[in-house]
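Worksheet: the structure to be examined is printed underneath.
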Amino acid sequence: MKIYTLRNLRFPARPDFSLAAETSRKLGLPASAIQIQRIVRKALDTRRRGQPVYDFTLQLSFSAEVPPSKDLTPFEPLPEAIHAPIPATDLHPFIIGMGPAGLFCALAMVANGLQPWLFDRGDALDKRAEKVTEFWRRGSLDKDSNVQCGEGGAGAWSDGKLTSRGSDPALQQVFDQLLRFGAPPETAFEALPHLGSDGIRALVHKLRTHLLEQGCRFFYRHSLEDLEVRAGKVSRVQINSSWHSPQMVVLALGNAARETWRQLKHRGVELEPKPFALGFRIEQAQDRINTLVYGEGPWPEFLGPASYRLTAKTGFTFCMCPGGQVIAAASEQGGVVTNGMSFAARAGRWANSAVVTPVNSDDYGDGLWSGVELQRQLEKLSFREAFLAPVQSARAFMGGEADTEAPGSTYLPGVFPADLNAIFPPQISSRLRSALIRFDQVLPGFSQNAVLTAPETRTSSPIRILRDKEKLNCAGIYNLYPVGEGSGYAGGIVSSAADGWRLGQRVRPGN
Ligand SMILES: Cc1cc2nc3c(=O)[nH]c(=O)nc-3n(C[C@H](O)[C@H](O)[C@H](O)COP(=O)(O)OP(=O)(O)OC[C@H]3O[C@@H](n4cnc5c(N)ncnc54)[C@H](O)[C@@H]3O)c2cc1C
């Protein structure tokens, strides 16, 4: 049976539609002659306000002559990437970090008959949830177990957006695994799938159960403190003051690994600075976003709460959380960090996203740690006792004036009024202001009644751990493998998971 890909199947969004009827209309063939094999992608085009349009990509077969259409092409399966296997002489590689990269690396390894041991400085998910709740309630931070650190990694308190797509087979394999471990079926084809924090955490529980059943071991509150490199090889690693000699070490550290990066550098691992982005969270009523994006009408009832993605020359929105909340996501004492999360239902009254501007050595200088220092400086400048965060209305920020009263924010444990122009370096404030002006042109009224909570500094890793493109190990150290966001080669839940998976898949028992 020959399969074809049909692109640009576009029609006005409505609650009741028949894909068979729409396909038949587009191709001018009776529906009975078309077999829909698979929905490849379902996107929503909201560029024309008041007229949202579905945009589907399908795989089809035909029981009649294939109709001529520029949008119809024979389906070509992705070529399998062939890479040399990485032999593991013992069955228990060490994986440092239980975020998406570490967990998916382990998942791929167990499929090859290995039983990796996983270590994380933070707690198991449920214990970690208690720590996060306590932090949001009282502002008492556990620096090892928080929104960024602990089982499940940084995505465990998130919107659970799974937005990374592309032609890399590893991405597809990650989606296959997500479905296998309980992600809803539409995750496979929605253009902007999301699981919510509840969905992500349920998945992490299932992954852990599976990995334990396969013989993996999980070590919580176990920190990689040091390592010894001899003759191009990690000979020992120090974890919680004890030395171990694993045959292979995977670093799946995430982007909050400041102390560990320093230790790696000290031991001769090659690192380089990496540009990233920073700014603040913007928050508005979700109803208002619905109207701005969809127009007036019953759209949210069947399309769900609206989301947006805005770009300008000097900045962009990032990690939008419809129906969500702005959260305290600090990982160090004395430094405030904001981020956003929502649950699968996205039922909250508020919408938020990061508004950020790209930063590079022109902003922070040439040193290896200059980007980290800029992050830390903004986080400290924003700090008040008990991790209160500075807030300002977007109107006041753009006008360079003070608010007459503190605007509200969903950020817990609480906020204080501030002039964010005084926290960011002038050139960064100026770029963020320009970006907001542009966003107001694209979505008129976007910044009206919006509240800014600062600072959003941990958008992606400011450091890259250099690795060999083909062998995936650290430059000059053959058994040390950096993966995921903290290695600087991935960003986001799916791409970090795929980076871990890509390595794990290649590791086979043998010499
Ligand atoms: C609040 C929030 C919301 C987000 N929302 C989304 C979203 O909706 N969609 C999306 O795609 N991405 C989102 N992200 C980003 C996403 O979570 C990360 O890109 C992803 O988790 C990176 O995966 P990772 O496995 O590489 O690293 P991480 O998930 O950061 O995991 C690294 C782990 O390593 C551990 N670790 C670090 N150093 C050591 C050490 N020395 N010893 C032992 N353990 C150590 C840490 O405790 C941590 O658990 C969000 C991030 C945050 C913070």
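Each ligand, and each atom within it, is numbered from 1 in the order the structure gives.
Annotation: E485 places an N or O atom under 3.5 Å from an N or O atom of ligand 1; distance criterion only. Every N/O-N/O distance between V494 and ligand 1 stays at or above 3.5 Å. Below 3.5 Å of separation, one finds an N or O of G150 facing an N or O of ligand 1. Ligand 1 has an N or O atom lying under 3.5 Å from an N or O atom of L224, backbone or side chain. The shortest N or O to N or O distance between A257 and ligand 1 is not under 3.5 Å. By the 3.5 Å distance cut-off applied to N or O atoms, D120 is counted among the residues near ligand 1. The distance criterion of under 3.5 Å between nitrogen or oxygen atoms is not met by W157 with respect to ligand 1. Close N/O approach between R121 and ligand 1 is found [any backbone or side-chain N/O within under 3.5 Å]. Inclusion of G160 in the set of residues having an N or O under 3.5 Å from an N or O of ligand 1 is warranted. For ligand 1, the polar-atom distance check finds no N/O of N339 at less than 3.5 Å from any of the ligand's N/O atoms.
Ranked by closest heavy atom to atom 51 (C) of ligand 1, the top entry among G152, A154, G500 is A154. Closest heavy-atom approach to atom 32 (C) of ligand 1 among the candidates I200, L253, I95: L253. Residue S158 holds the heavy atom nearest to atom 50 (C) of ligand 1 of all those in A328, G102, S158, A490. The option from S487, A156, S496 that lies nearest to atom 22 (C) of ligand 1, judged by heavy atoms, is S496.
S235 and R230 are not linked by any side-chain donor-acceptor pair at a separation below 3.5 angstrom, with hydrogens and angles left out of the test. In this model, a donor atom of one side chain and an acceptor atom of the other lie less than 3.5 Å apart for R281 and N352. A donor and an acceptor atom, one from each side chain of T453 and S409, are located under 3.5 Å apart. Under 3.5 Å, the side chains of E485 and S461 contain no donor-acceptor pair of N or O atoms. With hydrogens and angles left out, the side-chain atoms of R258 and Q375 include a donor and acceptor closer than 3.5 Å.
Residue G97 has at least one heavy-atom neighbour below 4.0 Å for each of these atoms of ligand 1: 33 (C), 34 (O), 35 (C). Residue contact check: A252 has heavy atoms under 4.0 Å from atoms 32 (C), 33 (C), 34 (O) of ligand 1. Close approach to G155 involves these atoms of ligand 1, each under 4.0 Å from a residue heavy atom: 17 (O), 21 (O). Near G254, the atoms of ligand 1 lying under 4.0 angstrom from a non-hydrogen atom of the residue are 27 (O), 28 (P), 30 (O), 32 (C). Using a 4.0 Å cut-off to heavy atoms of I327, the atoms of ligand 1 that qualify are 1 (C). Counting the atoms of ligand 1 from 1 in the order shown, those under 4.0 Å from a heavy atom of G340 are 1 (C), 3 (C). The ligand atoms of ligand 1 that sit less than 4.0 angstrom from a heavy atom of D159 are 8 (O). Atoms of ligand 1 found under 4.0 Å from any heavy atom of S223 (numbered from 1 in listed order, with element): 42 (N), 43 (C).
In this structure, D144 pairs ionically with R121, as a charged nitrogen and a carboxylate oxygen lie closer than 4.0 Å.
Remark: K161 NZ to L192 CG distance equals 9.0 Å, nearest 0.5 Å. Distance NE2/H266 to CG/L227: 10.0 Å, rounded to 0.5 Å. The structure places CD of Q238 at 8.5 Å from CG of L224, a figure rounded to the nearest 0.5 Å.
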- Message: Does R376 form a salt bridge (Lys or Arg N to Asp or Glu O under 4.0 Å) with E373? I'd like the steps, not just the answer.
- Response: CA-CA 5 Å; R376 193 174 263 151; E373 286 314 319; 3.4 Å; yes
Would you mind writing out the side-chain donor-acceptor pairs for residues 92-109 within the sub-3.5 Å range, not counting sequence neighbours?
unit_1 : atom_1 : unit_2 : atom_2 : d
H92    : ND1    : Q115   : O      : 2.8
H92    : ND1    : W117   : NE1    : 3.3

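When all heavy atoms of L179 and A188 are compared, the pair lying nearest together is CD1-CB, 3.7 Å.
Atom NZ of K233 is surrounded by more than 12 heavy atoms from other residues, nucleotides or ligands within 6.0 Å. Crowding of E470 atom CD: a count of heavy atoms from other residues, nucleotides or ligands under 6.0 Å exceeding 12.
Closest to atom 31 (O) of ligand 1, if we only count protein heavy atoms, is G99 CA, 3.5 Å. Looking at atom 41 (N) of ligand 1, its nearest protein heavy atom turns out to be T260 OG1, 2.9 Å. Of the protein's non-hydrogen atoms, K161 N, 3.0 Å is the one closest to atom 8 (O) of ligand 1.
Contact annotation: for I493 versus ligand 1, heavy atoms closer than 4.0 Å belong to both the backbone and the side chain. When heavy-atom distances to ligand 1 are checked against a 4.0 Å cut-off, A101 comes that close through both its backbone and its side chain. Contact annotation: for H222 versus ligand 1, heavy atoms closer than 4.0 Å belong to the backbone alone. Residue contacts with ligand 1, taken as heavy atom pairs separated by less than 4.0 Å, do not involve D499 at all.
Counting protein heavy atoms under 4.0 angstrom from atom 36 (N) of ligand 1 gives one or more.
Below 30°, between 30° and 60°, or above 60°: for F397 and F280 the angle between ring planes is above 60°, a perpendicular geometry. Ring orientation note: the planes of F387 and F383 are nearly perpendicular, at an angle over 60° on the 30°/60° scale.
At least one heavy atom of Q148 sits closer than 4.0 Å to an atom of ligand 1. Ligand 1 is approached by C319 to a heavy-atom distance shorter than 4.0 Å.
For Y489, there are no ring pair (Phe, Tyr, Trp, His ring centres under 6.0 Å) partners at least two apart in sequence or on another chain.
Note that R464 lies outside the cation-pi zone of W261, set by a 6.0 Å cut-off to the ring centre and a 45° limit from the axis.
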